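Below you'll find the structure, written out as structure tokens, and then a few comments.
Fair warning: this is a prediction, and the values are worked out from it, not measured in the lab.
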Amino acid sequence: MVASALAGGLLGARLHLAIESRGTFAAAPLAFLVARSGFVWYGGLAGGLAATLWPIHVWRVRWASAADTAAPALALGLAIGRIGCHLAGDGDWGTPTTLPWAVAYTNGVAPWPYPPGVRVHPAAPVRVRRARRAVRRPLAAEGRVGPTGAIFAIYLLVAGIIRFLVECVRTNPALALGMTEAQWTSAALVVGAAVWLAVKRRRAPSS
């Protein structure tokens, strides 16, 4: 199941980027697919989830139970990955700023688009710090939440809010109504998780 999730996650992350960067992908498909950088977290999440559907069915594991088990690992994996983004300087940075914690990725794997002296928000480390909450909340909820799947829903809720806020200092272009694609995806996940939790809590028998 872990191997399926890994393969599906890598494939989904790269395909999501190919959809976002259709022109670059069409110009050089093979080079695009084997490039060292360029993975989209939400695409990886979707691909990993899809790839585990068959193993879960074969081994007769409840999908919601498997998702609960995976939630803390997803948050931890994202945090580790963002540390790599920061150290590699792969373009996952924020907008220019003069705040004390600003950095310049002049020697990163992605071309630095700003003149000397310009520094930016270190968006990746910010997400690492915020990811700790996405780890702690599901772990704190374990054993205290009622319905199966609630831990995963809490993860989606917390992670979605964090990503939505971090996008405010990212350089991604707006998709609609001033919000980026990641913000729309985050908003959908937050609303979906919140509604699911509310419905399950309402249906739960009172003690």
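Between L53 and W63, the closest side-chain pair of non-hydrogen atoms falls below 4.5 Å. You'll find the side chain of R119 stays beyond 4.5 Å of the side chain of T98, heavy atoms only. For the pair T95/V120, no side-chain contact is recorded, criterion being any heavy-atom separation below 4.5 Å from C-beta on. Residues V190 and L156 are not in side-chain contact: their nearest non-hydrogen atoms beyond the backbone lie 4.5 Å or more apart. Residues Y42 and E181 form no side-chain contact, since every pair of their non-hydrogen atoms from C-beta on lies 4.5 Å or further apart. In this structure the side chain of E20 never reaches within 4.5 angstrom of the side chain of F25, judged on heavy atoms. The shortest side-chain heavy-atom distance between P72 and Y155 does not fall under the 4.5 Å cut-off. In this structure, the side chains of V199 and R202 stay at 4.5 Å or more apart for every pair of heavy atoms.
Hydrophobic clustering (side-chain heavy atoms under 4.5 Å, transitive across Ile, Leu, Val, Met, Phe, Trp, Tyr) groups F39 together with L6. Placement of L157 and L165 within a single hydrophobic cluster is found when ILVMFWY residues are connected by side-chain heavy-atom separations under 4.5 Å, directly or transitively.
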**Report entry** CA sep, side-chain torsions, deciding dist, call: Y105, H86, ring-ring contact (aromatic ring centres under 6.0 Å, His included)
**Finding:** CA-CA 9 Å; Y105 298 92; H86 175 63; 5.5 Å; yes
Requested in this report: Let me see the working for F152 and L74 under side-chain contact (heavy atoms from CB on, under 4.5 Å), right down to the final yes or no.
Outcome: CA-CA 10 Å; F152 184 66; L74 287 171; 3.9 Å; yes
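To the nearest 0.5 Å, atoms CG (L78) and CH2 (W41) are separated by 5.0 Å. Atoms OG and CZ, from S21 and F32 in turn, are 5.0 Å apart once rounded to the nearest 0.5 Å. Going from atom NE2 of H121 over to atom CH2 of W101 covers 7.5 Å, rounded to the nearest 0.5 Å. With rounding to the nearest 0.5 angstrom, the CG atom of L11 is 13.0 Å from the NE2 atom of H16. Between W184 atom CH2 and L189 atom CG the span is 13.5 Å, to the nearest 0.5 Å. To the nearest 0.5 Å, atoms CZ (R170) and OG1 (T180) are separated by 8.0 Å.
Ring centers of W112 and Y114: under 6.0 Å apart, within the cut-off.
Under the 3.5 Å distance criterion, the side-chain polar atoms of D68 are matched with a main-chain donor or acceptor of I151. For the pair D90 (side chain) and V109 (backbone), a donor-acceptor distance under 3.5 Å is absent. Side-chain atoms of T69 come within 3.5 Å of backbone N or O of S65 as a donor-acceptor pair. Side-chain atoms of R201 never come within 3.5 Å of backbone atoms of A198 as a donor-acceptor pair (strictly under, hydrogens ignored). A donor-acceptor distance shorter than 3.5 angstrom exists from the side chain of T52 to the backbone of L49, with no hydrogens or angles considered.
When every heavy atom of P122 is checked against every heavy atom of P125, the shortest pair comes out as O-CD, 3.0 Å. Across Q183 and G178, no two heavy atoms sit closer than the pair OE1-O, 4.1 Å. When every heavy atom of G8 is checked against every heavy atom of A51, the shortest pair comes out as CA-CB, 3.7 Å. The two residues W196 and G149 make their nearest non-hydrogen contact at CH2-C, 3.6 Å. Contact record, V118 with A104: O-CB, 3.8 Å, taken as the closest heavy-atom pair.
Side chain to side chain, E167 and N172 meet the donor-acceptor criterion of an N or O pair below 3.5 Å.
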